[in-house]
Number of protein chains: 2
Amino acid sequence: MKMSDGVEWAVHCCTFLAALPNESALSGARLSEFFALPKDYLAKHLQALSRAGLVETSKGPKGGYRLARPPAEISLLDVVEAIDGKNPCFQCTEIRRQGPSGQPDRHYKKPCGIAAAMWKAESVWRKELKKVDLGSLVHEAELNVSTLQQESAYDWLCKALG
Amino acid sequence: MKMSDGVEWAVHCCTFLAALPNESALSGARLSEFFALPKDYLAKHLQALSRAGLVETSKGPKGGYRLARPPAEISLLDVVEAIDGKNPCFQCTEIRRQGPSGQPDRHYKKPCGIAAAMWKAESVWRKELKKVDLGSLVHEAELNVSTLQQESAYDWLCKALG
DNA sequence: GGCAGGTTACTCGGATAGCGATTGTCCGAGTTGATCTGG
DNA sequence: CCAGATCAACTCGGACAATCGCTATCCGAGTAACCTGCC
């Protein structure tokens, strides 16, 4: 029950993309440089974001990634699911139907109570992640991150965008 | 982000243990037989339950596993954590501090907003699992499982306990 | 009939291989901006 | 000086290994019931 490291990277990258000026794109190489992450492996995850339709890409010089929708319309859940998949954490294999006292399928009309409880918990987790969007994450960062780092990041960004 | 199969097995086993008469124990072999699970591998997970203090064990003939506490005092979360570990799904590696615009540690007083959001979601998930206890799972099963299977299971149990 | 000792069968517990998914790396296809040349 | 074609650099995207944790299996230590023989 461990989340892929890629999720953390993807969320940070998306939040950063959400913070930069409209219509400007940032390449995978620049993103990996900013967070000091392995370039190729990060690219793999950015690919997943692209496939999921969260970011748009443009090739060639001055190309790169940019959010496909306004930050307020991309939730944390979207990013998590793009990287980690939409499969439920808990998968019911219906072991209650097996064994010596198992019965034919027609006797199981209600879903397994254990699975139901698990899925309920998973549902509230998803709902909580859906509440958070990239816009609010950026806003939160602007409030809580030291001005020193904000300025430093801004300088770096200007150099990166040319 | 997939939960170990062992979790499903462990929860079913615990629920079954919660349903059987006081002071009676069921061996790993019998449990694996009842659910048609691989004996040795199930034993590994039952071991984890034992280490976590959720079940007590007794050796020798007529020995086996029995709940260490009343069913109402064992939550679904207890079982999940016993098998899957207590580590948070999301682990913040503080990548915001790295890279060219990262600052010395003293500039980061507030925790990373992204990690905070993740942990909040994880917290509501845990809370939801904590709400459910083995007693209510047994009760739910008594209501929703077909009487045919309940009788069948009861017969099997009488034979197993001797 | 009751009791003590040995035996036996059954139990859990930890240590040991196998495999699949996540992690990590590589190179190729495509596009864009810049450059160079000719008018 | 300007327009067009060429070129080169930079981009993403998918295909290919390596490592780690989960899955699966085995065997040994210990214990309690049982059986047998004796009192």
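Both backbone and side-chain heavy atoms feed into the values below; hydrogens, waters and symmetry mates do not. First the proteins, then the strands, lettered A, B, ... as listed; each starts at 1.
- Applying the 4.0 Å criterion to OP1 and OP2 of D:dT11, one finds that A:T57 has every side-chain N and O outside that range.
- Closest-nucleotide positions on DNA chain D for A:P61 and A:D40 were compared, and the one nearer the 5' end corresponds to A:P61.
- Rounded to whole Å, atom C1' of C:dT25 lies 11 Å from atom NZ of A:K39.
- Put simply, B:S27 has no side-chain N or O that comes within less than 4.0 Å of OP1 or OP2 on C:dC12.
- Between the B:Q149 side chain and the A:Q103 main chain, no donor and acceptor come within less than 3.5 Å of each other.
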Side-chain donor-acceptor pairs under 3.5 Å in residues 14-22 of chain A, sequence neighbours left out?
{"residue": "A:T15", "atom": "OG1", "partner": "A:V11", "partner atom": "O", "Å": "2.7"}

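- For the pair A:L46 CG and C:dG24 C1', the interatomic distance rounds to 15 Å; values are reported in whole Å.
- Counting only distance, with no hydrogens or angles, the side chain of A:E8 and the backbone of B:T93 share a donor-acceptor pair below 3.5 Å.
- With the nearest nucleotide of DNA chain D identified for both A:M1 and A:L26, A:L26 has the one nearer the 5' end.
- Aromatic ring centres of B:F34 and B:W156: separated by under 6.0 Å.
- Between B:R51 and C:dG14 there is a side-chain polar atom (N or O) within less than 4.0 angstrom of OP1 or OP2.
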Sequence neighbours left out, cut at 3.5 Å: what donor-acceptor pairs do the side chains of residues 112-119 of chain B make with other protein atoms?
{"residue": "B:W119", "atom": "NE1", "partner": "B:F90", "partner atom": "O", "Å": "3.0"}

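- Rounded to whole Å, atom C1' of D:dT25 lies 14 Å from atom CG of B:L42.
- Heavy atoms of A:G6 sit nowhere under 4.0 angstrom from any nucleic acid atom.
- When rounded to the nearest whole Å, the span between CD of A:Q91 and P of D:dC22 equals 16 Å.
- Atoms OG1 and CD, on B:T57 and B:Q47 in that order, are 10.0 Å from each other to the nearest 0.5 Å.
- The phosphate of C:dG13 (OP1 or OP2) has a side-chain N or O of B:S50 nearer than 4.0 angstrom.
- Residue-to-nucleotide proximity on DNA chain C shows that, of A:M3 and A:K62, the 5′-proximal contact is made by A:M3.
- The side chain of B:Q47 contributes an N or O atom lying less than 4.0 Å from OP1 or OP2 of C:dG14.
- Taking atom NZ of B:K44 as the reference point, atom C1' of D:dC26 lies 12 Å away to the nearest angstrom.
- Atom pair B:K59:NZ and D:dA33:C1' shows a separation of 16 Å (rounding to whole Å applied).
- Distance NZ (B:K2) to P (D:dC22): 10 Å, rounded to an integer number of Å.
- Atom OH in B:Y41 sits about 19 Å away from atom P in C:dT16, given to the nearest Å.
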### Task
Dot-bracket for DNA chain C, please, read 5' to 3', with Watson-Crick or G-U wobble pairs under 3.5 Å on both distances, ( ) within the strand, [ ] crossing, | other strand, . unpaired.
|||||||||||||||||||||||||||||||||||||||
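- Of the possible polar contacts, none joining the B:E128 side chain to the A:E122 backbone as a donor-acceptor pair under 3.5 Å is found.
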